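Report on the structure given below.
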Protein chains: 2
Amino acid sequence: MHDISPIRAKSGTNQEGTSAHNRRVMIEALRLNGALSRADLARATQLTKQAVSNIIEDLERDGLVVALDAVRKGRGQPFTPYRLVPEGAFAIGLQIDRHLTRVVVVDLVGKVIARAEAGLPLDEPSAGVKIILGLVDRVRRELASLFAQSERRLVGLGVAMPGPFGLKESDDKWMMPAWQQFPLLETLAAGTGLNVGLQNDAAACATAERIVGAAHGVDHAICLYIGYGIAAGLILNGELYNGGNGNAGEIGRALLSPAGPGSTPLEHRASLASLYQHLGLDPAERGLYETLGALALQGDPRIMGWVERAASDLRWSVHLIETIFDPQTVILTSTAPEALARLLLQAMHPLLPSIADRPARRLPRLQLGTTDPWAIAVGAAAEPISRAFDPRFSAILKAG
Amino acid sequence: MHDISPIRAKSGTNQEGTSAHNRRVMIEALRLNGALSRADLARATQLTKQAVSNIIEDLERDGLVVALDAVRKGRGQPFTPYRLVPEGAFAIGLQIDRHLTRVVVVDLVGKVIARAEAGLPLDEPSAGVKIILGLVDRVRRELASLFAQSERRLVGLGVAMPGPFGLKESDDKWMMPAWQQFPLLETLAAGTGLNVGLQNDAAACATAERIVGAAHGVDHAICLYIGYGIAAGLILNGELYNGGNGNAGEIGRALLSPAGPGSTPLEHRASLASLYQHLGLDPAERGLYETLGALALQGDPRIMGWVERAASDLRWSVHLIETIFDPQTVILTSTAPEALARLLLQAMHPLLPSIADRPARRLPRLQLGTTDPWAIAVGAAAEPISRAFDPRFSAILKAG
DNA sequence: CCTATTAAGTCAATTCGCTTGACTTAATTA
DNA sequence: TAATTAAGTCAAGCGAATTGACTTAATAGG
C-alpha cells in the first residue's frame, strides 16, 4: 500500500517486552530502595510473588542481584532481602572538553572503578581519537585486572561533549568546530567494539545526579550546569529529555532580553568562560582550577564582582526554569571549584518569586549538586547503564 | 520490611499491558496514516501478520475500526484497508473561562458532534457547576439522539481552565480564586458519572493541535497560547508534559528581565488582558470578539501599537522556547480573532536567531494554529480520548 | 493464454511469561 | 503449645504473540 511515504507508527510489543520491563522495574526498585525482599518487590511492582521470584532468580543467575542474610521481623517467615551487585555491570564514560579528555569506568551503582585523563588537541580530532582510544584501552585493562568477566559485563560507552550539536559550522574555536564535524561516534564504536551514545555535558551532569546525586529518584528535576558554557539537563517524567534534535536545554544561547539581535546570550555573562574573560585568564592555563578555588575562598573582589553579576542572571534563569518546567527541584552543578559554586549559590538567594514557592514543598527549590570535575564523565558512563537497566517506554518496544 | 517509608517503584506489567499497548499502537497508526491494511500495520508495528489480524478483529468487533473495499494494487492478493470509526468513541470537553463556559462532544477523530455555551458567575462556583452540569446534560442528550449506544462509548470528561493550579490564594478576581479552591473535579465526577481530567487551557490547546491540528503526528512541539493570559502547551516525546505539579508551561508568570522584583511578567505585556487594558475595554463586554476582529482588519493604530510591543516579547518567547526545548515546531494559537492572530504572527517576523534555524528543517519554526474559540473545549475533550486510546508508557503498567 | 511470481491473509500448533490457588516453612503472640 | 501471620514455593493454567505451512488472488512475462 503506502510504498511512497513511510507509514508512521510506534512499534508493538510482546512477552519479551513485558519481561524486559519487569526486570528493569526490579532493578530500579532495588536501586532506589536499597534492599528489598521478594514480597516487598511484589507489593511495590504489583506483580505476583511468583513472577517476582522467577525474575529475581534470573537476575541472581545473571549476577545482577544477590541475597543478603534472612531477617526476622515480627510474625511470619523471615524475609530474604536482595540488593544490586555493583560489579554486575560496567560502563565507560568519556568526557571530551576543550583541551582535555577524561575517561572513567563505573559500575552498576555508579561508583567509579577506574579513571584516566589526558590533554586533547582542540582542532585535530583524528589525533585526539587516538589519544582517547588509548585511555579507553587503559581503563579497560585496569577493569579487567580488577574483575574477571568484566568485559562481558561492559554495557557501553557514553560520550559527553559540549553542545549544541548539528548546527552550521562555527568559527569560535572554543566551540570545537572540528570535533563537531568529525564522525566521532562511528570511530569510537569501531575502535572499541562497544555501543556508543552521545549527550551534551549538561545532560551528562543530570544523568550523574540522577544515578548517584541529588536527583536520585526524583522524576522532575532540572540540572543547571555551569561549565565553560552553561546549559541545563532536563529530567522530565523520570527520563532525560533531549528535544527534537538532541539540543534541549542549551540555554547558553538564550538571549537575555527581547531587545533584539544586540542583546547578550546568557553564556556571555554566566559561564566560566565569562569568568575567565572577566579575570583575564587563559582557559587552557595549568592550575586554573586551584587558582579559582583559592580566589573564591579568599573572597577576591574581582571574583565577587563576577559572582554578583552572574548570580543575577542565574537567579532569573532559575525563575524561568521553574516557570516553564514546574520541576520538583533545580540542581546547580558546575565544574568550578566547590567554593566558587557555593558563592554563586549564596549570591542567587533570595530566589525570585515563582510558581515554585508553593506551600507544601518537599525538596528545596535550589540545591547544590556535585562539583566534582569528574561528574560529567560519570554521567556519560551512567547513560549506557540507564539505557540498559532503567525502565523506559522504549525498552518495551520491539525495535530501536 | 519497609513499613515506615513507602517503597518507590514503577509498576510491572503482563500480557494485558502488552495487548493494551498493541491495540493503542494500531489505533494511533490508523489515526496518523488514514487507512492501512493488516499487512501494512504488521510492517509498521513490527508485529506478525497474525497478531495484527487478531487485534484488528477485536477492534472491529468493538466498533473502533471498519474495513473498506479491497484494493487491487500490483501483484498479490488485494488488500483490505481499515480505518477508524469516528463514532467508535466520544468524549466531552469542558472549558471554564472567566465569564463563560463551553461544552463540546467530540468523536474518536476529534470532530465536534455537539456544543453548548453559557455565562458563568466568576465567584460562585457552586452555582456555576449547576449551569455546567445542565450544559453537559444537554449535549449528552443531543449525542444520544444522534448515535444509539453512544453513552456506552463515552470515555470521559476533560476540563480545561486557566492555570496555574494549587498556588496560594490570589486576590486577582480574574484568576478565579473561588474556582481554584472549589472541589470541581469531584463535583463533576459525581454529577456526571464520568472520569474527569484537568488541564490548563494552553495544554488543552496543545492537545487539540495534536489530535486535529498542526501538531498532528509531531512528537516535539510547543503550543504558544494567547488567551486572556498566556501559556505554553508542551508536547514532548509525543506526550503532553505537565511538570511536577501540573503547572508546566505557565509562562505568563515569567518575568521579562533579570532585574529583580520590579520587572514585568510576560502576561502583562503579551496577553489579551494586556490588550483590553491598552484599549480600555472591559473583558466581560459583549461583542468584544467582533470588535477586536474589526479593529484588527482595519489595522487600527492602537491595536498596531499593542501588536508591535507584544510581538517583540513573543518573538523573544519563541527564541527562549526554541533554545530550551529544541522543538520541531512552535505553534501560535489564540482565542483572539484570526485577523489579530495573523497580525501578531507577521509582527513576530523575522524571528530571532536560535538553534532552531538549522540547515535541514522540515517544519516551519513558527506556524499559526487554530484560532477557533472552541479549540480549548475540543482539546479538553481530546484529553480523555488520548488517555483512552493513545500509546503511552502508563497504559502498559498495571495500575494508575 | 498459461504459468511463475508476488503479496495478503488464515490456520493450527507452539512458546513463553505471568497468574492462580493450594501448600510449606518459620517466625511471633497469646 | 496452639493460633496467627507472613514469606516464599509448586504445579497447573492462561493468554497473547509467534511460527511455519497453507490458501487466495492478483499481475508480469513468455
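Chain identifiers are assigned alphabetically (A, B, ...) following the order of the sequence lines, protein sequences preceding nucleic acid strands; residue numbering begins at 1 within each chain. As the structure is a prediction and not an experimental result, all values here were calculated from the model. Excluded from the calculations below are hydrogen atoms, water molecules and symmetry mates; all remaining heavy atoms, backbone and side chain alike, are included.
In terms of position on DNA chain D, the residue among R75(A) and A39(A) whose nearest nucleotide sits closer to the 5' end is R75(A).
Note on R43(A): a side-chain N or O is less than 4.0 Å away from OP1 or OP2 of dA7(D). Put simply, T80(A) has a side-chain N or O that comes within less than 4.0 Å of OP1 or OP2 on dG8(D). Between S53(B) and the phosphate of dT10(C), there is a side-chain N or O to OP1/OP2 separation shorter than 4.0 Å. Of the side-chain N and O atoms in T18(A), none sit less than 4.0 angstrom from OP1 or OP2 of dC18(C). Under 4.0 angstrom from either OP1 or OP2 of dT23(D) there lies no side-chain N or O belonging to K49(B). Contact between the side-chain N/O atoms of N14(A) and the OP1/OP2 oxygens of dT18(D) is found at a separation under 4.0 Å.
Across all strands shown, N54(B) has no heavy atoms under 4.0 Å from either base or sugar-phosphate atoms.
The Q50(A) side chain lies nearest to dA11(D) when the options are dG15(D), dC18(C), dA11(D). Across dG17(C), dA7(D), dA17(D), the shortest atom-to-atom separation from the side chain of Q15(A) is found for dG17(C). Distances from the side chain of F79(B) to the nucleotides dA17(D), dG9(C), dT25(C) place dG9(C) closest. When distances run from any side-chain atom of I55(A) to the nucleotides dA7(C), dC18(C), dT18(D), the shortest one goes to dC18(C). Of the candidate nucleotides dT18(D), dG8(D), dT24(D), dT18(D) has the atom lying nearest to any side-chain atom of T48(B).
Remark: C1' of dC18(C) and CZ of R23(A) are 16 Å apart, rounded to the nearest angstrom. Taking atom CZ on R38(B) and atom C1' on dA7(C), their separation rounds to 15 Å, with Å as the unit. Note: NZ (K73(B)) to C1' (dA25(D)) measures 17 Å, nearest angstrom.
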Practice item. Given side-chain contact (heavy atoms from CB on, under 4.5 Å), test I113(B) with L146(B) step by step and report yes or no. Key: CA-CA 9 Å; I113(B) 303 297; L146(B) 290 169; 3.8 Å; yes
